[in-house]
Amino acid sequence: MKQQQAIPRSVEWNDTYITLLNQQKLPNVTEYLTLSTIKDVWDSIQTLKVRGAPAIGITAAFGLALAANTYEVKTIDEFNQLLQKDRDYLASSRPTAVNLFWALNRLTNSIKNVSSVNEAKTKLTHEAIRIQMEDEEVCRQIGEHALSLFKSGEKILTICNAGSIATAKYGTALAPFHLASEKGIHLEVYACETRPVLQGARLTAWELLQSGVDVTLITDNMAAHTIAAKGINAVIVGADRITANGDTANKIGTFGLALLAKAFDIPFYVAAPLSTFDVSLPSGELIPIEERHEDEVTHLNGERIAPEGIHVYNPAFDVTPNHLISGIITEEGILRGDLSEEINKLFN
Ligand code: MRU
């Protein structure tokens with residue numbers, strides 16, 4: 001059994017502040033930020049210092065608990081008014097990953113029956129910590145289920161970073177690779193660099209190397225050639241929001257990989273916790289797709305690479321339709337076949 005190197009946690013609760021691994025600076029600089037205000041938390045989510053659906057939810061939950069602990073009010077009504085305002089503020093940091101809204105709602109629901117302001121503060125903090133602890137266990141379970149799909153020696157393609165630093169620990173799409181490394185099972189991972197902000201090149205490559213996983217980096221436009229030339233066996237990706245019929249929003253470029261998987265007749269898997277499902281939306285065209293600043297496309301490392309004045313379209317996510325998905329790997333097991341029916345069974 002291989003000794004897995006410790007992968008840093010992306011977020012930590014420290015009572016009066018949050019410690020955050022600055023993912024913007026990786027892999028060259030390992031910097032930890034101290035977030036002590038709700039504005040720090042909003043800014044860290046918006047500017048991708050923390051990113052990845054579950055990690056965004058955990059950070060926002062900690063941010064709301066942090067803010068609530070500073071309220072100097074006497075009545076629960078006054079407390080709830082401030083909490084609602086701060087909840088809405090944090091909810092405006094990014095639109096696509098549903099884990100953000102899921103975590104914030106879990107916090108506000110956790111204090112429905114409290115009788116004092118102090119009790120509310122304690123409950124919010126405990127709920128935020130619980131969300132992080134549960135996510136670690138959930139990711140481990142996703143990893144075990146996902147690992148059962150792969151045989152030693154297989155080559156698997158992924159995009160973005162659905163890894164340990166995008167969650168409480170282990171990750172979703174990367175969890176099987178961390179577990180395989182722990183168990184001495186050899187899997188070969190191909191990581192798409194993930195333009196425009198390079199989560200694959202900067203984060204997945206770094207994280208899997210730390211874990212002793214055999215990982216090879218490719219640029220996004222090498223995917224089709226690599227599937228053919230290297231004999232890729234499967235594609236696995238994370239998710240930001242999965243609707244009631246199984247349509248899945250994930251990092252821009254995911255939809256293209258699903259189409260390629262279909263063309264090459266290899267399985268295309270989505271790995272995600274139940275907190276990433278949004279069963280209030282019947283299908284994927286209703287998912288709000290974040291469009292980010294044009295600088296992400298026109299600049300690399302702060303240097304302009306495209307002419308001034310060029311029109312830019314920069315959607316951060318795309319939606320893969322359910323019929324291209326071979327299976328959705330959750331903590332409860334693997335959903336296959338009629339995804340609408342399977343999701344309906346799981347949530348009702
Ligand atoms: O813009 P990002 O980096 O937050 O996008 C992240 C992704 O698309 C991930 O694949 C997804 O959130 C799953 S993370 C376990």
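Quick note: numbers below take in every heavy atom, side chains included, and nothing from hydrogens, waters or symmetry partners. In each ligand, atom 1 is the first atom listed, and ligand 1 is the first ligand listed. From a predicted model like this one, the values you see are computed outputs, not experimental measurements.
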Going by ring-ring contact (aromatic ring centres under 6.0 Å, His included), name the pairs with one or both residues in residues 228-286, residues two or more places apart or in two chains.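 Matches after skipping sequence neighbours: Phe277-Phe347.
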Does anything in residues 94-127 pair up under ring-ring contact (aromatic ring centres under 6.0 Å, His included), and if so which pairs, sequence neighbours excluded?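 Passing the test, one end in residues 94-127: no pairs.
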Minimum-distance pair of heavy atoms, taken over all atoms of Val41 and Ala60: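 Where Val41 meets Ala60 most closely, the heavy atoms are CG1-CA, 4.4 Å.
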Members sharing Val319's hydrophobic cluster (side chains within less than 4.5 Å):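 For the cluster that includes Val319, the remaining residues are Leu281, Leu286, Ile287, Ile289, Phe317.
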Starting from the N and O atoms of ligand 1, collect every protein N/O partner closer than 3.5 Å and put each pair on its own line with the distance to 0.1 Å.
residue: ligand 1; atom: 1 (O); partner: Arg94; partner atom: NH1; Å: 3.4
residue: ligand 1; atom: 1 (O); partner: Arg94; partner atom: NH2; Å: 2.8
residue: ligand 1; atom: 1 (O); partner: Lys251; partner atom: NZ; Å: 2.8
residue: ligand 1; atom: 3 (O); partner: Arg51; partner atom: NE; Å: 2.8
residue: ligand 1; atom: 3 (O); partner: Arg51; partner atom: NH2; Å: 3.3
residue: ligand 1; atom: 3 (O); partner: Gln199; partner atom: NE2; Å: 2.8
residue: ligand 1; atom: 4 (O); partner: Gly52; partner atom: N; Å: 3.0
residue: ligand 1; atom: 4 (O); partner: Arg94; partner atom: NH1; Å: 2.8
residue: ligand 1; atom: 8 (O); partner: Asp240; partner atom: OD1; Å: 2.8
residue: ligand 1; atom: 8 (O); partner: Asn250; partner atom: OD1; Å: 3.1
residue: ligand 1; atom: 8 (O); partner: Lys251; partner atom: N; Å: 3.2
residue: ligand 1; atom: 10 (O); partner: Asn250; partner atom: OD1; Å: 2.6
residue: ligand 1; atom: 12 (O); partner: Ala53; partner atom: N; Å: 2.8
residue: ligand 1; atom: 12 (O); partner: Asp240; partner atom: OD1; Å: 3.3
residue: ligand 1; atom: 12 (O); partner: Asp240; partner atom: OD2; Å: 2.8

Taking Asn314 for its side chain and His293 for its backbone only, find out whether a donor-acceptor pair lies under 3.5 Å.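 Here the side-chain-to-backbone pair exists.
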Sole candidate of Leu124, Thr122, Ile76, Asn80 that passes side chain to side chain contact (heavy atoms under 4.5 Å, CB included) when paired with Val114: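 Going through the options one by one, the only one that passes is Ile76.
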